[in-house]
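Okay, structure first, notes after.
Order of appearance sets the numbers: ligands from 1, and atoms from 1 within every ligand. Along the sequence shown, residues are numbered consecutively beginning with 1. Computed from a predicted model, the values in this text were never measured in an experiment.
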Amino acid sequence: MEKQINKEKLPTHIAIIMDGNGRWAKEKGQSRLFGHKAGVDTLKNILRCAGNIGIKYLTVYAFSTENWSRPQDEVSGLMDIFLVALKSEIKELHESDVKITIIGDIQKFSQSVQKGINDAIELTKNNNGIVFNVALNYGGRWDIINAVINIAEDYKQNKINKTDITEMLFSSYLSTKNIPDPELIIRTSGEQRLSGFLLYESVYSELYFTDIYWPAFSENDFYEAIIAYQNRERRLGKISEQLPNN
Ligand code: FPP
């Protein structure tokens, strides 16, 4: 499957909504946390694959602003999983030249989780390999509202004028300011919505939905998503005849 990928037409940035951990576990008669742990294994595999084929940015939705309303033991279990995964993987990620970045408001997390995250960001900040961007306590509306607040503040302080407020300036106030918009967004588990993931950044993203639950999502499934993306015609508002290959 990997051989069918056109290396000249790779998306620069792929974003993934890793969904279906709970249902996958339930089908196996296991706990939801068992599903999340298996989800971490899938993530390691897909991150490695993405780096190997030359994807420059991989963003994953690990915890949404709505996920706080899950049962308390699931939320705290997920926090433990993040922390354990960070601690056990960080060395290898760093050696593989992965640069870790975060989008979302991590101030709501415990001190130990925040420290784990900040240490990982600091350690890998000068790496030049794939940027592994993790959305934690992230929501697209939260990000947009935050941007509006900061723009209003800068306007009030005369740092910007009304006419400065363009799409590009707005992007620079989002948490994704250093990352290009994703060309491809994948959601697993059969749900067909974005749930506020990269709300502003996804206007021209190709959306790929698969019924496969995240823990069962394989390298080949990932390649298949990229091949599907490559077979789509990305007109970006133009007509077919205006595109370079026509
Ligand atoms: C969605 O499945 C998954 C999550 C809310 C958590 C995803 C987190 C991981 C895979 C761990 C990531 C780890 C690191 C270190 C970034 P779900 O629980 O919504 O599944 P369901 O829809 O079947 O219930």
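Donor-acceptor pairing under 3.5 Å is lacking for the side chains of T65 and R141.
Going from atom OH of Y223 over to atom CE of M1 covers 10.5 Å, rounded to the nearest 0.5 Å.
Applying the side chain to side chain donor-acceptor pair (under 3.5 Å) test between N133 and each of T101, T176, N178 identifies T101 as the sole match.
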Checklist entry - Could you go step by step and tell me if Y208 and Y229 meet the ring-ring contact (aromatic ring centres under 6.0 Å, His included) rule? => result CA-CA 8 Å; Y208 181 87; Y229 158 84; over 10 Å; no
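Evaluation of the side chain to side chain donor-acceptor pair (under 3.5 Å) test over residues 163-173, restricted to residues two or more places apart or in two chains, returns D154-Y173.
Heavy-atom contacts from other residues, nucleotides or ligands closer than 6.0 Å to NZ of K156 number 12 or fewer.
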Show me a pair-per-line table, with atom names and distances to 0.1 Å, of protein N or O atoms that are under 3.5 Å from an N or O of ligand 1.
{"unit_1": "ligand 1", "atom_1": "2 (O)", "unit_2": "G20", "atom_2": "N", "d": "3.4"}
{"unit_1": "ligand 1", "atom_1": "2 (O)", "unit_2": "N21", "atom_2": "N", "d": "3.3"}
{"unit_1": "ligand 1", "atom_1": "18 (O)", "unit_2": "R32", "atom_2": "NH2", "d": "2.9"}
{"unit_1": "ligand 1", "atom_1": "18 (O)", "unit_2": "R70", "atom_2": "NH1", "d": "2.7"}
{"unit_1": "ligand 1", "atom_1": "19 (O)", "unit_2": "D19", "atom_2": "OD1", "d": "3.2"}
{"unit_1": "ligand 1", "atom_1": "19 (O)", "unit_2": "R70", "atom_2": "NH2", "d": "2.8"}
{"unit_1": "ligand 1", "atom_1": "20 (O)", "unit_2": "G20", "atom_2": "N", "d": "3.4"}
{"unit_1": "ligand 1", "atom_1": "20 (O)", "unit_2": "N21", "atom_2": "N", "d": "3.1"}
{"unit_1": "ligand 1", "atom_1": "20 (O)", "unit_2": "G22", "atom_2": "N", "d": "3.0"}
{"unit_1": "ligand 1", "atom_1": "22 (O)", "unit_2": "D19", "atom_2": "OD1", "d": "3.1"}
{"unit_1": "ligand 1", "atom_1": "22 (O)", "unit_2": "R23", "atom_2": "NE", "d": "3.4"}
{"unit_1": "ligand 1", "atom_1": "22 (O)", "unit_2": "R23", "atom_2": "NH2", "d": "2.9"}
{"unit_1": "ligand 1", "atom_1": "23 (O)", "unit_2": "G22", "atom_2": "N", "d": "3.3"}
{"unit_1": "ligand 1", "atom_1": "23 (O)", "unit_2": "R23", "atom_2": "N", "d": "2.7"}
{"unit_1": "ligand 1", "atom_1": "23 (O)", "unit_2": "R23", "atom_2": "NE", "d": "2.7"}
{"unit_1": "ligand 1", "atom_1": "24 (O)", "unit_2": "R32", "atom_2": "NH1", "d": "3.0"}
{"unit_1": "ligand 1", "atom_1": "24 (O)", "unit_2": "R32", "atom_2": "NH2", "d": "3.0"}

